[in-house]
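Quick caveat: nothing in here was measured; it's all calculated off a predicted structure. Start at 1 and go down the list; that is how both ligands and their atoms are numbered.
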Amino acid sequence: MLDHPLILAIESSCDDTAAAVLCGRSVLSNVISSQKVHQQYGGVVPELASRAHQQNIVPVVHQALAEAKVHQNMLSAIAFTRGPGLIGSLLVGAGFAKSMALALQIPLIEVNHMQAHIFANFIAQEGMCNPQFPFLCLTVSGGHTQIVRVDSVSELKLLGQTKDDAAGEAFDKIGKLLGLPYPAGPHIDQIAKQGRADAFTFTKSTMSGYDYSFSGLKTGVMNFLNREQQKNSNFIQENLPDLCASIQETIVSMSLEPFLRAAKDQNLFSLVLAGGVSANSRLRQKLLEQEKYGYKICIPPLSFTTDNAAMIGVTAYYKYLAQEFTGMQITPTSKYPI
Ligand code: KG4
Ligand code: ZN
């Protein structure tokens with residue numbers, strides 16, 4: 001008998017079909033099938049995402065079990081993302097998880113995707129920093145930008161969030177204006193390395209409290225590009241690295257300002273990054289610079305920042321310990337407050 005539960009976790013909230021097997025907080029396998037079908041549309045097409053999840057889920061789960069060398073009869077529980085996310089995509093993961101839990105007669109655990117991004121930091125692996133409570137987390141993903149105070153595994157308080165676009169959405173939508181493929185965030189990050197961050201200045205919107213607004217920046221960049229392209233039709237091609245570096249600098253500084261203000265006001269010195277945009281090299285670097293002011297910074301390795309099922313598994317592990325199981329009547333939900 002193992003000391004820790006073996007949990008199969010399934011993540012299908014957006015355009016990645018993912019499955020992972022965890023033994024306690026240790027990841028035995030972490031399989032992700034990223035859907036390429038959306039690239040030609042410059043964004044995720046929900047109906048195509050659901051169909052691709054249906055095609056991918058069986059092979060992805062098989063691969064996760066095989067890589068972990070775990071037979072399904074050894075599993076202690078099945079976890080799945082209940083929300084937030086695209087409802088059609090969530091339904092595929094939830095339906096699969098329910099059927100498997102029912103067939104194996106083992107508990108079912110539902111997980112909040114945003115909580116899971118934060119809890120990715122608790123994965124037991126060499127090089128992971130595993131934050132101490134209480135801490136403040138900046139979750140920056142394609143669909144959300146949130147500042148969350150975390151006092152324990154069950155005490156999470158949302159202090160601020162975006163009122164329109166998320167930080168990742170800002171990267172993706174502005175990248176589309178620059179002609180970059182979807183998702184544009186990693187491309188902007190790469191191209192920015194050759195550019196000057198102070199080449200162009202864009203207006204940063206500010207909100208009351210710890211809230212965010214990124215849609216004004218997108219409009220500002222669009223108007224700027226239109227003006228410049230009227231003067232020089234090759235403006236984007238000739239200035240791409242400088243544009244990427246300047247836009248990245250603006251999004252990074254807009255993301256960090258309310259977060260660092262909240263940390264000061266809350267008197268919290270343990271700061272954590274989570275979500276897909278925490279893969280951004282400039283954001284990581286700028287946050288790490290805060291260590292000189294006495295902050296302890298935790299940033300997950302790249303494989304646990306963008307959507308993955310290991311983060312669902314580690315969150316489910318804590319729920320398993322608390323015996324927080326769910327019944328078969330559970331339904332996914334596109335909005336799921338933290
Ligand atoms: O957390 P995630 O995988 O999915 C959601 O839950 O939304 O985040 C995806 C987002 C996309 O917007 C993508 O462009 C962004 O994360 N992203 C990045 C980088 N890597 C991923 N943004 C900026 N720089 C990166 N290196
Ligand atoms: Zn996510």
Side-chain angles (χ1 to χ4, degrees), residues 9-18 20 30 32-35 38-39 42-44 46 49 80-86 89-90 93 111-121 137-146 148 161-162 165-178 180-193 195 197 212 214-215 217-218 244-256 273-287 299-312 314-315 334-336 338:
I10 294 165
E11 152 63 33
S12 70
S13 65
C14 191
D15 58 341
D16 294 310
T17 319
N30 188 27
I32 303 177
S33 167
S34 295
Q35 303 176 2
H38 309 286
Q39 277 178 356
V44 177
F80 70 98
T81 305
R82 183 179 174 215
L86 300 171
S89 295
L90 291 165
V111 171
N112 180 314
H113 180 91
M114 298 313 293
Q115 185 180 351
H117 268 303
I118 300 174
F119 279 37
N121 283 281
C137 183
L138 173 63
T139 315
V140 269
S141 74
H144 295 81
T145 301
Q146 298 184 333
V148 182
Q161 63 185 328
T162 184
D165 291 351
E169 218 171 340
F171 271 110
D172 296 339
K173 288 182 174 171
I174 293 173
K176 195 172 176 183
L177 298 174
L178 298 174
L180 299 173
Y182 175 86
H187 297 280
I188 293 183
D189 191 352
Q190 246 350 86
I191 300 168
K193 293 189 199 310
Y212 290 94
F214 285 100
S215 74
L217 176 66
K218 172 190 63 193
C244 287
S246 304
I247 288 159
Q248 172 174 271
E249 196 67 16
T250 311
I251 298 175
V252 166
S253 114
M254 281 173 72
S255 303
L256 286 180
L273 262 192
V277 182
S278 59
N280 184 266
S281 59
R282 184 67 180 142
L283 179 61
R284 295 168 87 93
Q285 180 193 11
K286 287 280 277 188
L287 187 58
I299 308 179
L302 294 186
S303 52
F304 300 136
T305 57
T306 45
D307 286 351
N308 64 86
M311 69 185 196
I312 306 298
V314 73
T315 312
S334 57
K335 289 194 174 20
Y336 195 179
I338 207 152

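The Zn ion (ligand 2) has no N, O or S atom of H144 inside 2.8 Å of it. Not one N/O/S atom of C14, from backbone or side chain, sits under 2.8 Å from the Zn ion (ligand 2).
Between F214 and Y212, the ring planes are parallel. Angles under 30° get that label, and only those over 60° would be called perpendicular.
Of the polar atoms of H113, at least one N or O is found under 3.5 Å from an N or O of ligand 1, judged by distance alone. In terms of N/O distances under 3.5 Å, ligand 1 is not approached by D16. Looking at H117 next to ligand 1, an N or O pair under 3.5 Å apart turns up.
Of the protein's non-hydrogen atoms, N280 ND2, 3.1 Å is the one closest to atom 24 (N) of ligand 1. What sits closest to atom 21 (C) of ligand 1 on the protein, heavy atoms only, is G276 O, 3.4 Å. For atom 2 (P) of ligand 1, the nearest protein heavy atom (residue, atom name, distance) is D307 OD1, 3.3 Å. Counting only heavy atoms of the protein, atom 22 (N) of ligand 1 lies nearest to G185 CA, 3.4 Å. Closest to atom 15 (C) of ligand 1 among all protein heavy atoms lies V277 CG2, 3.9 Å.
Of all atoms in ligand 1, numbered sequentially from 1 with element shown, those under 4.0 Å from a heavy atom of G142 are 5 (C), 7 (O), 8 (O), 9 (C), 10 (C), 12 (O). Short contacts between ligand 1 and G168, defined as distances under 4.0 Å to a heavy atom of the residue, involve ligand atoms 12 (O). Ligand 1 places these atoms under 4.0 Å from at least one heavy atom of D189: 24 (N), 25 (C), 26 (N). In the vicinity of G143, heavy-atom distances shorter than 4.0 Å reach the ligand 1 atoms 7 (O). Using a 4.0 Å cut-off to heavy atoms of T306, the atoms of ligand 1 that qualify are 3 (O), 21 (C).
Side chains of T139 and Q146: no donor on one and acceptor on the other come within 3.5 Å. A donor-acceptor contact under 3.5 angstrom links the side chains of H113 and E11, judged on distance only. Residues Q35 and D16 have side chains that never bring a donor and an acceptor to within less than 3.5 angstrom of each other. Under 3.5 Å, the side chains of K193 and S281 contain a donor-acceptor pair of N or O atoms. D165 and S215 form no side-chain donor-acceptor contact under 3.5 Å, judged by distance and modelled atom types alone.
A donor-acceptor pair under 3.5 Å is absent between the side-chain atoms of Q248 and the main chain of A245, judged by distance alone. No donor-acceptor pair under 3.5 Å is formed between the side chain of R282 and the backbone N or O of D189.
Within D307, OD1 is the N, O or S atom that lies nearest to the Zn ion (ligand 2).
Taking all atoms of both residues into account, the shortest heavy-atom contact from S13 to D307 is OG-OD2, 4.1 Å.
Closest heavy-atom approach to atom 13 (C) of ligand 1 within the set D15, V252, L283, D172: this belongs to D172.
Within the structure, ligand 1 lacks H144 among the residues with a heavy atom less than 4.0 angstrom away. Heavy atoms of Q190 stay at 4.0 angstrom or farther from ligand 1.
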